[in-house]
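Every chain is numbered from 1, with letters handed out A, B, ... down the list of sequences.
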Amino acid sequence: MHKERIAQLIARKLSGEASPEEIHELDMLLEKHPDDAYFLSILADYWTASISPAADEDADPEAHLRHILNSAANETPEAASIPLPGRNIRPHYVRNILAVAAVFAGLIFFSWLYFRTPTGAPALSRVETIAKPGAKSRLLLPDGSVVWLNSGSKISYAANFMDSIREVELEGEAYFDVAKNTQRPFIVRTRDITIKVLGTVFNVKCYPDDHKTEATLIRGSVQVSKTGDNSRQALLLHPHEKLVANSTTESVSFHTNDPSGSVAQHDMIIQQLKETAADTSMTETAWVYNKLVFDGEDFQEIAAEMERWYNVKIVINDPAVARYRFHAKFENETITKVLSVLQLSLPFTFKIDNNEVNIYK
Amino acid sequence: MELQQIVDGDEQAFRRLFHYFSPRLNQFAYSIVKIREAASEIVDDVFIKLWKQREKAASISNIRVYLYVAVKNSALNYLSSKAHRQITEPFNHFDIALSPDQAPDQRMISAELQEKITAAIEYLPPRCKMIFKLVREDGLRYKDVAEILNLTVNTVDAQMVIAVKRISEKVQAHFTAFPKRTVKK
């Protein structure tokens, strides 16, 4: 029953529950069923409509908060005189809350993933989503595009995103599945490069402490140009190509193994990735599938990745160890386990102290 | 972590939490009790209790789920006390109020179509409607909705399929009824 499956995938996509494979499956199904594709565009539009504020919305939220803090403070002596807070005016109620707190304790780790900025002036305000170190976030943009945000990353877009061009600003790493709309290009702006697309799937990595930006294309095509430089022609990236832009040398590099295209521009390198690799097994997008993959990077780079992944601070106290290179793949492993496995291939020791990891020869 | 800051008595962290969640929780409480003043009081009480017992908040593993469950329980208790009886299986027979959508001025869909969609959602079975509301209006994950309503994730998934299919039927019927207004532009 394709109807059933399409409805399920549409619901999952709009609610941010769909995996990249499911979104791909949905795309395939919708190509065969254009009516449903049209329905999805309508529902996506409806879905992201803002909800009207409540009729009597808080006129003065600050005063409201004061009232809450004061009430809590004033009730304290009364509660203090009775050791069990359950013996209150409404015992059921308090007991319920405590029961709930107890039930959820330790079940899932803290998943308060993101904090949107409160909507202020409607005209120029921006919507910002942050995935903190140690957490990842999935979000649905108003146009139906889906973004996976990796740990320690930030994405923002204008509150009037739907009005003109679709433009987002990214710091960190994100995987984009952009909803097709030929009339309105989708633009990703980063420190080093600007990527323009019509509807496609790609990954962008540009952490502030990295000195480069990487863009990897999975499907479709994208145009890449240097941020703030319109004088040069934009470069076209094809599926399974990775662009590396170096910010320290003020240059953009494309890596390619195509001899004719290799020096399209001196400072741009395109890397050809294995065509055979399934999306799920590519190093560049492994994080979307909750896999931590090291593909010959040195320990210094790996440590930076792990710091974001596990929300820890890693110090490598030996220059030789910092130059170790590793090939490894992990899925849902603790940091202790990951380091223990790395120890098997090259000699080093480590000490974990709360959120600080020290690595020695 | 934000919650740890609240446990430590950081008022700024509590303020952010309050500003972020209180409008949504007010809507949620209102959808159940359908009286604004009561809804607002229920939500305030939840925040007062949280701040008062913040030392214990360290044991909360998911603050979002915690707040919704606390509001849900208080709202149902409020209704139970008013009705002088226990409300069991709360959202199986018990209808809720949706939040009004904003006018579709700069949107792709017409006001007429938006009304059709809203009506389709309005007529969903109560539990299905509550699930749809929490997923769409509050942006909650299936996992969170399942915890808040005491359901399995599979039930939430299945109910969302029902909701999308019902809306789809209404939308398709709309275009069949007005064939000239279809895709061509």
Q: Might you work through the side chain to side chain contact (heavy atoms under 4.5 Å, CB included) test for B:F14 and A:L65, ending with a clear yes or no?
A: CA-CA 9 Å; B:F14 184 70; A:L65 180 71; 3.8 Å; yes

If I take atom [atom1] from residue [X] and atom [atom2] from residue [Y], how far apart are they, to the nearest 0.5 angstrom?
X: A:H64; Y: B:F47; atom1: NE2; atom2: CZ; result: 9.0 Å
X: B:I48; Y: A:I68; atom1: CD1; atom2: CD1; result: 5.5 Å
X: B:F18; Y: A:L69; atom1: CZ; atom2: CG; result: 9.0 Å
X: B:E137; Y: A:W47; atom1: CD; atom2: CH2; result: 10.5 Å
X: A:E17; Y: B:M160; atom1: CD; atom2: CE; result: 9.0 Å
X: A:L43; Y: B:I117; atom1: CG; atom2: CD1; result: 6.0 Å

Looking only at heavy atoms, which two atoms of [X] and [Y] are closest? And how far apart?
X: A:A7; Y: B:K165; answer: CB-CG, 3.6 Å
X: B:W51; Y: A:A72; answer: CD1-CB, 3.6 Å
X: A:S15; Y: B:V135; answer: CB-CG1, 3.2 Å

Residue part contacting chain A, namely of [X], when any heavy atom lies under 4.5 Å:
X: B:Y30; answer: neither
X: B:D44; answer: both
X: B:I121; answer: side chain

Q: Determine, for A:K3 against B:E169, whether the closest basic-nitrogen to carboxylate-oxygen distance falls under 4.0 angstrom.
A: no

Q.
Can you see whether A:Y46 has B:R136 sitting over its ring - NZ or CZ less than 6.0 Å from the centre and within 45° of the normal?
A. yes

Q) Does a side chain donor of either B:Q172 or A:D35 reach within less than 3.5 Å of an acceptor in the other side chain? A) no

